[in-house]
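Worth knowing before you read on, the calculation uses all heavy atoms, side chains too, and leaves out hydrogens, waters and symmetry mates. Per chain, numbering begins at 1; letters A, B, ... match sequence-line order.
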Amino acid sequence: QAFTCVMVSYSRAGKLRNSLQVLNMMQKAGVEPNLLVCNTAVHVLVMANRMEKALRFVERMRLVGITPDVVTYNCLIKGYCNLHRVEDAIDLIVEMPFKGCSPDKVSYYTVMGFLCKDKRIAEVRDLMDKMKDGKLVLDQVTYNVLIHTLSKHQHPDEALKFLREAEERGFQFDKVGYSAIVDSFCKKGDMDRAKEIVNEMFQKGCIPDVVTYTSVVNGLCRVGEVDQAKKMLQQMYKHGCKPNTVSYTALLHGLCRNGNSSEAREMMNMSEEEW
RNA sequence: AUUCUGAUCU
């Protein structure tokens, strides 16, 4: 649908009013709005944090005979989360079946992701139980959401707990999942734990790559161990992993931050081979 | 672009 494309484009550009004008245009052109267009409108309102308008819009949908579906509700759930109204989001999930629409995995992922930002693990657990009650299976994506959101918000210990739990249940994680946790420990300055995870990766045949190493280089720089960071870059080589621009930038930044900008300058003038 | 998918600087 061309109309929804235009609406989303305006929305992305921050032009809510123009986006909604598309609805008026459609009306004038005699085009009946369908579920897709309505959901897009809800999405656009939610993205602009106009939650009350979004809720009223959904009521109007019902009045004109367009029944909201799970996508409609998931938009509202996201809207509540964006406004830190997680309780309202959970209430909506609970009420959905009574409105004739069962929540799906996305409904749960959305709320669990927001809970993870604030390390509200007990509530995440509650939702996991609710998911199971709703006959939804906890899958790899569930755990990925938890692990990545927790890692990104500096809660590596909790992320690691979920990873262990998932592994016990037979799920497998690749270097991306592990690297997210490594990076999280690095950002917190807990380099010992970060290195432990890297070692574990080797044991599990999950070989760290340039992204993993660069996280460690950056972490070492942040705690002032620039010499160690330099050694880490050389170890990358030994493990057959070539540092890239991002790796070098991390080290250069570390050198500068630790008052060694002259060495950084020298490094930049050297070729990769002589370094 | 209704949900997950890792690094530096910006």
Side-chain angles (χ1 to χ4, degrees), chain A residues 4-14 19 35-36 38-48 54 58 68-82 89 92-93 101 103-114 116 127 131 136 138-153 156 159 162-163 166 171 173-187 194 197-198 201 206 208-222 229 232-233 236 241 243-257 264:
Chain A
T4 62
C5 281
V6 177
M7 290 177 72
V8 169
S9 299
Y10 273 127
S11 169
R12 279 193 220 172
S19 183
L35 184 58
L36 174 64
C38 287
N39 280 346
T40 306
V42 174
H43 174 240
V44 160
L45 287 165
V46 157
M47 284 319 199
V58 172
D69 69 354
V70 69
V71 175
T72 321
Y73 288 113
N74 287 346
C75 286
L76 294 178
I77 288 168
K78 182 165 188 134
Y80 279 132
C81 289
N82 285 339
L92 183 52
I93 286 185
C101 178
D104 65 1
K105 287 178 184 176
V106 176
S107 321
Y108 285 97
Y109 296 156
T110 304
V111 181
M112 291 195 302
F114 275 87
C116 284
L127 281 177
M131 263 182 92
L136 292 169
L138 296 181
D139 61 5
Q140 183 88 46
V141 179
T142 317
Y143 283 105
N144 282 346
V145 172
L146 300 179
I147 288 166
H148 283 280
T149 314
L150 286 167
S151 297
K152 186 178 284 188
H153 291 84
F162 278 116
L163 182 133
F171 293 105
F173 290 88
D174 59 7
K175 62 188 177 188
V176 176
Y178 279 103
S179 297
I181 298 179
V182 169
D183 184 58
S184 193
F185 278 122
C186 288
K187 292 256 161 66
I197 306 293
V198 172
M201 288 173 72
C206 189
D209 65 6
V210 60
V211 176
T212 323
Y213 286 116
T214 303
S215 284
V216 177
V217 168
N218 185 40
L220 288 167
C221 287
R222 287 165 75 117
M232 182 56 62
L233 273 183
M236 286 174 68
C241 179
N244 60 19
T245 316
V246 177
S247 325
Y248 288 118
T249 307
L251 180 60
L252 288 170
H253 196 237
L255 283 168
C256 293
R257 250 190 326 214

Check every atom of B/A7, B/A1, B/U2 against the side chain of A/R12 and return the nucleotide holding the closest atom.
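My answer, after comparing the listed nucleotides, is B/A1.
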If you take all heavy atoms of [X] and [Y], which pair is closest and at what distance?
X      : Y      : result
A/C221 : A/A250 : SG-O, 3.8 Å
A/L136 : A/Y108 : CD1-CE1, 3.5 Å
A/S247 : A/L233 : CB-CD2, 3.8 Å

With a 4.0 Å cut-off on heavy atoms, is [X] in touch with a base, just the backbone sugar-phosphate, or nothing at all?
X      : result
A/V8   : sugar-phosphate
A/D209 : base
A/N39  : nothing

Identified side chain to side chain contact (heavy atoms under 4.5 Å, CB included) counterpart of A/T212 within the set A/V210, A/D209, A/T214
A/D209
Can you tell me the distance, in whole Å, between the [atom1] atom of [X] and the [atom2] atom of [N]?
X      : N    : atom1 : atom2 : answer
A/F171 : B/C4 : CZ    : P     : 18 Å
A/N82  : B/A1 : CG    : C1'   : 12 Å
A/I181 : B/A7 : CD1   : C1'   : 15 Å
A/L36  : B/A1 : CG    : C1'   : 13 Å
A/D104 : B/U2 : CG    : C1'   : 9 Å
A/Y213 : B/A7 : OH    : P     : 18 Å
A/N144 : B/G6 : CG    : P     : 10 Å
A/Y108 : B/C4 : OH    : C1'   : 18 Å

Between the side-chain atoms of A/S151 and the base atoms of B/G6, is any donor-acceptor pair under 3.5 Å?
no
Close N or O pairs between protein and nucleotides 8-10 of chain B (under 3.5 Å):
unit_1: B/U8; atom_1: OP1; unit_2: A/K187; atom_2: NZ; d: 3.0

Atom CG in A/D104, atom OG1 in A/T110: separation rounded to 0.5 Å?
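With rounding to 0.5 Å, CG (A/D104) is 8.5 Å from OG1 (A/T110).
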Between A/N218 and A/S215, is any side-chain donor less than 3.5 angstrom from a side-chain acceptor?
no
For atom C1', what is the distance between B/A7 and B/U2, given to the nearest Å?
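Approximately 28 Å lies between the C1' atom of B/A7 and that of B/U2.
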P gap between B/A1 and B/U5, integer Å:
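That atom pair is separated by 13 Å.
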Side-chain donor/acceptor pairs under 3.5 Å, residues 39-47 of chain A, sequence neighbours excluded:
unit_1: A/N39; atom_1: OD1; unit_2: A/T72; atom_2: OG1; d: 2.5
unit_1: A/N39; atom_1: ND2; unit_2: A/D69; atom_2: OD1; d: 3.1
unit_1: A/T40; atom_1: OG1; unit_2: A/L36; atom_2: O; d: 2.8

Does A/K152 place a side-chain N or O at less than 4.0 Å from the phosphate oxygens OP1/OP2 of B/G6?
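For B/G6, OP1/OP2 do not have a side-chain N/O of A/K152 under 4.0 Å.
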